[in-house]
Every structure is written in structure tokens, then in C-alpha cells.
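All values derive from a computational prediction rather than experimental measurement.
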Amino acid sequence: MSDPRVEALHKEITDLASEIVETPDMPLDRVEAIETEIATKSAAMDKIEADIKQARVEAQLAEMDKRFTAFARTDSRGKASAILAGAGTTDSGLKSVGRYSETNFLSALVERRKGDTDAMDFVKAVLGTSSATGTAIIPNSFVTSLVEQIAASNIYRELFNVQSVNSGAGVEIPYEITAITAALVQGAYGSNKDIRDFSFARATATLYTIAQIADVGNQLLRQSNGGAEASARRRLAKSIAATEATWITNGTGSSQPLGFFQAFAAYGDPAGFKTTLSSETRVAAIARGISAMEARGIVASEANLCVVMHPTDFWETATETLGTSGSGGWAIDPATGAAGSPPTTSIWGVPLRRDPYWPAAKIGTALIIERSDVDIYTGDEYRVDVSDAGSRFDQNITGFRAEEEFGFNAEPYVRSGRVQQVIGI
């Protein structure tokens with residue numbers, strides 16, 4: 001709402017300005033007098049507006065101070081209750097009531113049923129995701145750490161792009177099916193330019209749900225002080241990561257994503273997309289595979305390509321020697337000796353990764369993947385629900401379920417020649 005004083009000054013200034021405009025032959029001294037009066041009134045109006053703003057700021061600060069005082073009083077009462085209950089001080093920044101904190105929150109879920117007041121207060125205070133029945137309250141830190149461990153266990157989350165899909169059951173992936181040709185030199189001035197049409201195909205990456213439930217005994221939850229929850233989190237993360245990695249390499253495309261190997265089987269296995277180990281070393285065969293990729297215009301670099309294989313093939317590649325009984329040295333020369341060097345992380349400047357979830361039938365085959373445009377799709381968020389209702393209550397156990405939506409389709413990358421198989425390694 002405007003101040004009446006400001007409105008009055010604004011009207012006076014407008015009238016003075018109108019007087020100058022509407023009087024072409026106004027004497028110079030009158031013009032100067034009006035300009036001086038306008039400047040004086042403008043300064044007065046600015047001061048009034050500044051005073052109004054200052055008053056508003058002071059009122060807001062006073063309100064904030066009032067709220068902070070009330071919050072500090074409430075927080076002090078909570079701390080006092082925790083101290084009386086025997087809680088020690090902590091610098092971890094985690095919410096805690098009595099002996100309960102976000103590191104052992106499941107034990108609070110169990111004890112609150114027995115009437116533990118600290119457990120009841122803590123459960124009410126924790127923020128996170130809850131089930132529809134209100135029996136599951138999960139701290140956000142638990143979900144975050146689960147996501148981090150999935151990323152650490154599934155190497156493809158490091159190599160490929162991970163896209164979050166906010167809505168829908170799938171994603172349409174367009175890809176080019178027309179080869180790139182060199183542009184022509186422009187003809188004479190005014191001549192038509194070279195026109196080339198190219199075509200797209202598309203594949204669908206459907207989002208499938210991955211889920212697993214882990215059951216933990218309530219006695220262990222109470223006594224482990226967070227250890228049982230951490231163990232369950234690790235198991236859930238590794239289980240989900242194993243499914244993700246398996247789908248990416250060998251998913252069937254029926255009720256699950258289509259993986260690289262199954263895409264080769266579905267759309268043919270052209271000789272140009274395959275390199276077979278001959279009498280050379282494994283790394284030399286991989287180099288021939290990279291050469292085939294570059295012949296298709298895919299330049300080898302750390303950002304563009306990656307090589308993935310089974311751990312058995314990885315270590316055979318890393319420890320391969322030359323000549324009879326290794327008389328010619330190492331195929332990959334370890335600077336500080338084989339056992340003293342870290343695992344090989346790149347060959348010919350291309351990242352080399354081992355996948356522990358590689359399909360057993362494909363041991364002896366490596367994939368060279370042009371990874372810059374390879375996308376993994378995930379749903380809105382990971383969900384973790386905890387409950388000891390139903391039969392679990394009778395059995396004195398607590399189960400917590402982790403699930404996510406995951407989508408991938410290798411069709412665009414296989415059909416456009418951006419994946420090369422190296423077999424027989």
C-alpha cells in the first residue's frame with residue numbers, strides 16, 4: 001500500500017512538470033524555480049520511501065528475532081530432555097533424542113511399540129519417506145548412501161550418462177541410420193547448395209522396476225547401534241547394481257531392458273562390428289577393434305570410447321607376456337613391476353573396465369563402446385520403505401524394501417555401429 005505523503009508529492013511533481021510542458025514561452029527564471037522545486041520534492045519523496053523501507057526491514061527483523069527466540073527455547077527444552085535421558089553430546093549434526101539417532105533409527109521403530117518415549121519422540125522428528133500406513137520413516141541420509149553405493153557397484157553409471165526421468169513409463173531414443181558423407185564444394189556464385197537428407201530410427205527405453213526386501217531381526221537392530229542398517233543398505237545397493245549391470249550387458253528385451261549382447265543377436269552380428277583375436281596379444285586385438293571404430297568416424301579418446309570385459313579377461317590382459325615364457329617382456333609394461341603396479345585402467349588411452357556381473361557365456365569377449373551418447377534412465381527417486389507389520393511383527397523382524405525404476409536399450413548403439421566386439425581374448 002502506497003504512503004499518502006508519497007502520493008501527494010508525486011502529484012505535485014507531475015503538476016510542475018506539466019506546467020513546463022504546457023507553457024512554451026515560460027520565463028527562464030520560472031523554469032529554474034520549477035526545476036529547483038521538483039528536485040526538492042523528489043528528495044523529500046525519496047527520504048519518505050527510504051524511511052518506509054527501513055521500518056519494514058526493522059519489523060521483519062523483529063519478527064525473525066521473535067521466532068528464533070521461540071525456536072531456541074523449544075530446542076533447549078529438547079536438549080534438556082535428552083540430557084536427562086542420558087544422551088551424550090555429538091558434533092555429527094544428526095538429529096538425536098536420547099540414545100536414538102539417524103544411525104540406528106530402526107531400533108527406534110522397534111522400541112516405540114514398547115512405549116519408549118525417546119523412541120516415540122525421535123520417530124516423530126525424523127524427516128524422510130514414509131509408507132502409506134505410516135509404519136516406515138527413513139532418514140534421507142539412508143536413501144542417499146544407498147544411491148552412492150549403487151553407483152559404486154555398477155561401473156556403467158560411471159561410464160555412461162545417467163538421465164532422470166521425472167514422468168512416464170519410458171523414453172524414446174532417436175538415432176541416425178544414414179551414414180555421414182563429406183560435404184561438396186560450393187559451386188559458382190548463386191548455384192544451389194548440396195542437399196543431403198538423412199533418416200532417423202527410434203528405440204524405446206522402458207522403465208522397469210527393480211526391488212528387493214531385506215529382513216533383519218529386531219534384536220540385532222536394537223543391539224548393533226546402526227551396524228545392521230548399514231549392512232542391509234550395502235546388500236540392497238549391491239543387489240540393485242548387479243541387476244542394472246546385467247541388464248545393460250545381457251538384458252533380454254522382454255520384461256527387462258535390451259542389453260548389448262542380446263541386441264547383437266536380435267539385429268544381426270555383422271562382421272564389421274567384430275574383431276577376432278589371432279596370433280597377436282589381447283591389447284593388439286583391442287587396438288584393431290579401436291581401429292575399426294575409427295574407420296567409422298568414431299575417434300578414440302577417453303571421452304568417447306571405453307573397453308569393458310569380464311574380470312578373468314581383464315587380468316589375463318593385464319598380466320600377458322610376450323615371447324616364449326615371457327622372454328619378450330610384458331604386453332602392458334608395468335613401470336614398477338607387475339605386482340607393485342595398480343590394475344590397468346586404460347589401454348591406448350581408452351579406459352579399461354572389468355564388470356563382475358559380466359555374463360558367463362561371454363567370457364572371452366570384450367566390448368568397445370562409444371559411450372559419449374549412451375544413456376541410462378532412472379525414475380524420480382529411490383524408495384526405501386521399512387515395516388515390521390503383518391507376519392514380520394509376529395516373527396520379531398523388520399523388513400525394508402529398496403526399489404527404483406531403471407531403463408536402458410542397446411539397440412541404437414549396436415545398430416549404428418557404435419559397439420565393437422573383440423572375441424577370443
Side-chain angles (χ1 to χ4, degrees), residues 149-160 234-235 237-251 259-262 264 269 273-293 300-371 374 376 410 413 418-425:
Q149 291 183 34
I150 292 174
S153 300
N154 179 7
I155 63 168
Y156 301 104
R157 282 180 170 265
E158 172 194 353
L159 295 173
F160 302 155
R234 287 192 297 268
R235 291 183 61 87
K238 290 181 179 179
S239 296
I240 291 176
T243 300
E244 289 183 357
T246 301
W247 282 354
I248 288 172
T249 57
N250 209 37
F260 287 112
F261 290 118
Q262 297 300 326
F264 274 114
D269 196 0
F273 298 171
K274 182 187 303 181
T275 301
T276 304
L277 178 69
S278 183
S279 58
E280 75 269 57
T281 61
R282 292 174 175 84
V283 291
I286 293 173
R288 286 200 295 117
I290 294 174
S291 174
M293 300 281 282
S301 71
E302 183 176 350
N304 289 339
L305 297 185
C306 66
V307 180
V308 190
M309 59 181 65
H310 188 272
T312 298
D313 300 323
F314 176 93
W315 286 108
E316 287 177 351
T317 302
T319 58
E320 187 171 23
T321 56
L322 304 173
T324 304
S325 300
S327 59
W330 297 86
I332 301 175
D333 185 21
T336 58
S341 299
T344 301
T345 57
S346 66
I347 51 177
W348 315 116
V350 176
L352 177 63
R353 297 291 185 267
R354 56 194 185 277
D355 176 10
Y357 309 113
W358 197 260
K362 291 300 180 178
I363 296 177
T365 299
L367 293 180
I368 307 173
I369 306 169
E370 198 280 295
R371 63 187 179 120
V374 178
I376 294 170
Y413 321 119
R418 287 184 278 170
V419 185
Q420 184 83 11
Q421 297 184 78
V422 183
I423 64 176
I425 58 175

*Asks:* Can you establish whether the number of heavy atoms outside Trp348 located under 6.0 Å from its atom CH2 is more than 12?
*Replies:*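 Open.
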*Asks:* For residues Leu352 and Phe314, determine if any side-chain heavy atom of one lies less than 4.5 Å from a side-chain heavy atom of the other.
*Replies:*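 They are in side-chain contact.
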*Asks:* As an exercise, state the distance from CZ of Phe273 to CE of Met293, rounded to the nearest 0.5 Å.
*Replies:*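 Going from CZ on Phe273 over to CE on Met293, the span is 9.0 Å.
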*Asks:* Quick check: closest heavy atoms across Asn250 and Phe261, and the distance to 0.1 Å?
*Replies:*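 That closest heavy-atom pairing would be OD1-CB, 3.5 Å.
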*Asks:* Kindly indicate whether the side chain of Glu316, heavy atoms from C-beta on, has any atom under 4.5 Å from the side chain of Ile425.
*Replies:*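 No. Closest side-chain heavy atoms not under 4.5 Å.
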*Asks:* I want to check something: taking the side chain as every heavy atom from C-beta on, are Thr275 and Ile368 in contact at a cut-off of under 4.5 Å?
*Replies:*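 Counting from C-beta outward, Thr275 and Ile368 never come under 4.5 Å.
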*Asks:* At their closest point, which heavy atom of Arg371 faces which heavy atom of Leu305, and how far apart are they?
*Replies:*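 So the two residues come closest at NE-O, 3.5 Å.
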*Asks:* Checking the side chain of Trp358 only, and the main-chain atoms of Lys362 only, is there a donor and an acceptor separated by less than 3.5 Å?
*Replies:*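 Indeed, once roles are kept as given, a pair shorter than 3.5 Å links the two residues.
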*Asks:* Taking salt bridge (Lys or Arg N to Asp or Glu O under 4.0 Å) as the definition, give me every residue that meets it alongside Arg354, ordered by chain and number, with sequence neighbours left out.
*Replies:*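 Counting only residues at least two positions away or on another chain, Arg354 forms no salt bridge (Lys or Arg N to Asp or Glu O under 4.0 Å).
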*Asks:* Quick check for you: to the nearest 0.5 Å, what is the distance between Thr276 atom OG1 and Ile423 atom CD1?
*Replies:*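 Interatomic distance, Thr276 OG1 to Ile423 CD1, rounded to 0.5 Å: 3.5 Å.
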*Asks:* First locate atom CD1 of Ile347, then atom CD1 of Ile290, and finally report the distance between them rounded to the nearest 0.5 Å.
*Replies:*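 The CD1 atom of Ile290 is 6.0 Å from CD1 of Ile347, to the nearest 0.5 Å.
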*Asks:* Which heavy atom of Arg282 sits nearest a heavy atom of Thr317, and at what distance?
*Replies:*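 Heavy-atom minimum between the residues: CD-OG1, 3.4 Å.
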*Asks:* Just by modelled atom types, is the Thr345 backbone N or O under 3.5 Å from a matching donor or acceptor in the Arg353 side chain?
*Replies:*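 It does hold such a pair.
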*Asks:* Using a 4.5 Å cut-off on heavy atoms from C-beta on, say whether the side chain of Asp355 contacts that of His310.
*Replies:*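 The answer is no, as the side chains (C-beta and beyond) never meet within the 4.5 Å cut-off.
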*Asks:* Is it true that Trp247 and Tyr156 have ring centroids separated by less than 6.0 Å?
*Replies:*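 Ring centroids of Trp247 and Tyr156 are no less than 6.0 Å from each other.
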*Asks:* For a quick test of reading the model, state the closest non-hydrogen atom pair linking Gln420 to Gly289 and the distance between them.
*Replies:*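 Looks like CG-O, 3.9 Å.
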*Asks:* Please identify each residue that fulfils side chain to side chain donor-acceptor pair (under 3.5 Å) with Asp313, with sequence neighbours left out.
*Replies:*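 Side chain to side chain donor-acceptor pair (under 3.5 Å) check on Asp313 returns nothing, list empty.
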*Asks:* How close do Ala366 and Val307 get, counting heavy atoms only, and between which atoms?
*Replies:*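 For Ala366 versus Val307, the nearest heavy atoms are CB-CG1, 4.4 Å.
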*Asks:* Enter the distance from Met309:CE to Thr365:OG1 here, rounded to the nearest 0.5 Å.
*Replies:*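 The distance works out to 10.0 Å.
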*Asks:* Indicate the atoms forming the closest heavy-atom contact of Phe260 with Ile369, along with that distance.
*Replies:*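 Reported closest heavy-atom pair: CE1-CD1, 3.8 Å.
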*Asks:* Do Tyr357 and Ile248 pass the side-chain contact (heavy atoms from CB on, under 4.5 Å) test, and can you show the C-alpha distance, the side-chain angles, and the key distance before you say yes or no?
*Replies:* CA-CA 10 Å; Tyr357 309 113; Ile248 288 172; over 6 Å; no
